[in-house]
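Have a look at the structure below, then the notes.
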Number of protein chains: 2
Amino acid sequence: MTAPGYAGARLPGRPRSAAADAAIIEAALRLIEEGATIGELSIERIAREAGVGKATVYRRWSGKEALMIDVMRSLEEPNPRPAGASVRDDLVTLLELMRRRGLAKRNSALLRTVVTQMHANQELWRAYDAHVIAARREMLYEVLRRGMARGEIRGDLDLELLADLFTGPMLSRVILHEWKALPEGLAETIVDTVLEGVRPRP
Amino acid sequence: MTAPGYAGARLPGRPRSAAADAAIIEAALRLIEEGATIGELSIERIAREAGVGKATVYRRWSGKEALMIDVMRSLEEPNPRPAGASVRDDLVTLLELMRRRGLAKRNSALLRTVVTQMHANQELWRAYDAHVIAARREMLYEVLRRGMARGEIRGDLDLELLADLFTGPMLSRVILHEWKALPEGLAETIVDTVLEGVRPRP
DNA sequence: GCGTTCCGAGACGGCCCCGTCTCGTATTGG
DNA sequence: CCAATACGAGACGGGGCCGTCTCGGAACGC
């Protein structure tokens, strides 16, 4: 967490209210959930919705962008190390995580909205990409490399392409197709089908 | 084209300037190209950039949303009927079209911005989806159905899933990965790899 | 030439937002 | 109790945009 500005030492005076932190982020999430565009959000509106003074927001964040980054972070679940038995199962685990993220009660409309609108703002997107996406992508690469080493995946394919082949179809659904189906066995189906195509030729 | 409001008969008075039409749409494109968020665009700003009175815009479009739909449409190239010899070649043709759209001088940063930000506005997105995407998707479905009928694709797979398997990886790159590579043979590589996975088992 | 509609420019009142600042009050350490 | 900082509320000047309306002038059909 970013835990706005507790500068090590012990500051005198009334400490900042953790409840206010939560109320602000919660309010932003609620508004987005209700269909607000990021562009339609304003510090003023968020503060109103949170039942908080504007100054209380500005005391913690420098502006909308900084706040949004923390809003995004509040949605993150810890990344489970896949480290399963087979490469196939690891891939299913990773894709299944994507699927569940796309389904989770708030994340559904919400993560989609935030993510899609985010890389409107190049800056916001780059920050989110660096902080959140990069780690997950590296995890996927590692699994794929292991698959190549074990001979479960052809060695002549670009790693990046390979990653897109697996994640692209799932992303396509999570992000683009509104509330369309993310059915139960989707991760398995995608992995098994794509894996069939990238298996070493006999 | 939407060709704003020429009501069949012959109206008296000075006719609307086609140049103004073009200048307005061009200005919107230019602003987006320069990195503006759709949320940051305003009729006022677009009119200023176009060297046009606000009334001239409002005379043609009811508001930002209506204008944006026409802006999107201005980017569309006609859809080529694939109707190639093999299903494989048709798929390559369709994906290659996506790739080229992602590369085209303006479309590059632009189509990405518009598309991604668009389904912030549910309404905008639905309109775009109905007018533009639907036709392309139906074309893809047709090719896939033909592939099944000819025995080039397994018949037990969901058509929608199949479509995502092919288009997802390409979309992933076009939309999500900033200016990242859309190399020459990408369409072929994706099609050939995925096709390998969905071929009927021997 | 006349009526009509368009044009660019911009004034207009109303709205929302920005980021700062000032209230009166609450909560901490010393 | 005191100094320091926090809190909710909201005033403040400044800015941009909305959608309408009014200019004086331009371009049509008749």
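Every chain is numbered from 1, with letters handed out A, B, ... down the list of sequences.
- Counting to the nearest Å, the P atom of D:dC17 and the CG atom of B:Leu31 are 11 Å from each other.
- Distance CZ (A:Arg14) to C1' (D:dG8): 9 Å, rounded to an integer number of Å.
- Contact annotation: the side chain of B:Leu195 approaches that of B:Ile153 to within less than 4.5 Å [non-hydrogen atoms, C-beta and beyond].
- Results of the side-chain contact (heavy atoms from CB on, under 4.5 Å) test with B:Val174 over B:Leu182, B:Thr167, B:Leu186 single out B:Leu182 as the only residue that passes.
- Counting to the nearest Å, the P atom of D:dA6 and the OH atom of A:Tyr58 are 17 Å from each other.
- Within the 4.0 Å cut-off from OP1 or OP2 of C:dC6, at least one side-chain nitrogen or oxygen of B:Arg16 is found.
- A straight line from CD1 of B:Ile38 to P of D:dC17 spans 16 Å, rounded to a whole angstrom.
- In plain terms, the two heavy atoms of B:Glu49 and B:Arg30 that are nearest each other are OE2-NH1, 2.7 Å.
- By the salt bridge (Lys or Arg N to Asp or Glu O under 4.0 Å) test, B:Glu34 pairs with no residue at all, sequence neighbours left out.
- An OP1 or OP2 oxygen of C:dC6 is reached within less than 4.0 angstrom by no side-chain nitrogen or oxygen of B:Ser17.
- Atom CD of B:Glu65 is separated from atom C1' of D:dG19 by 16 Å (rounded to the nearest Å).
- Of the residues in residues 42-55 of chain A, A:Gly51, A:Val52, A:Gly53 come within less than 4.0 Å of DNA chain D through at least one heavy atom, sorted by number.
- Applying the side chain to side chain contact (heavy atoms under 4.5 Å, CB included) rule to B:Ala50 yields the partners B:Ala23, B:Ile24, B:Ala27, B:Val52; only residues at least two apart in sequence or on another chain are considered.
- In this structure, CG of A:Leu67 is placed 15 Å from C1' of C:dC18, rounded to the nearest angstrom.
- Rounded to whole Å, the distance from NZ on A:Lys64 to C1' on C:dC16 is 13 Å.
- Side-chain proximity of A:Thr56 to C:dG8, D:dG8, D:dC28: nearest is D:dG8.
- Put simply, CD on B:Glu40 is 13 Å from P on C:dC18, counting in whole angstrom units.
- Side-chain atoms of A:Leu162 and B:Thr193, non-hydrogen and from C-beta on, never get closer than 4.5 Å to each other.
- Across every non-hydrogen atom of B:Arg154 and B:Pro200, the tightest pair is CG-CA, 3.4 Å.
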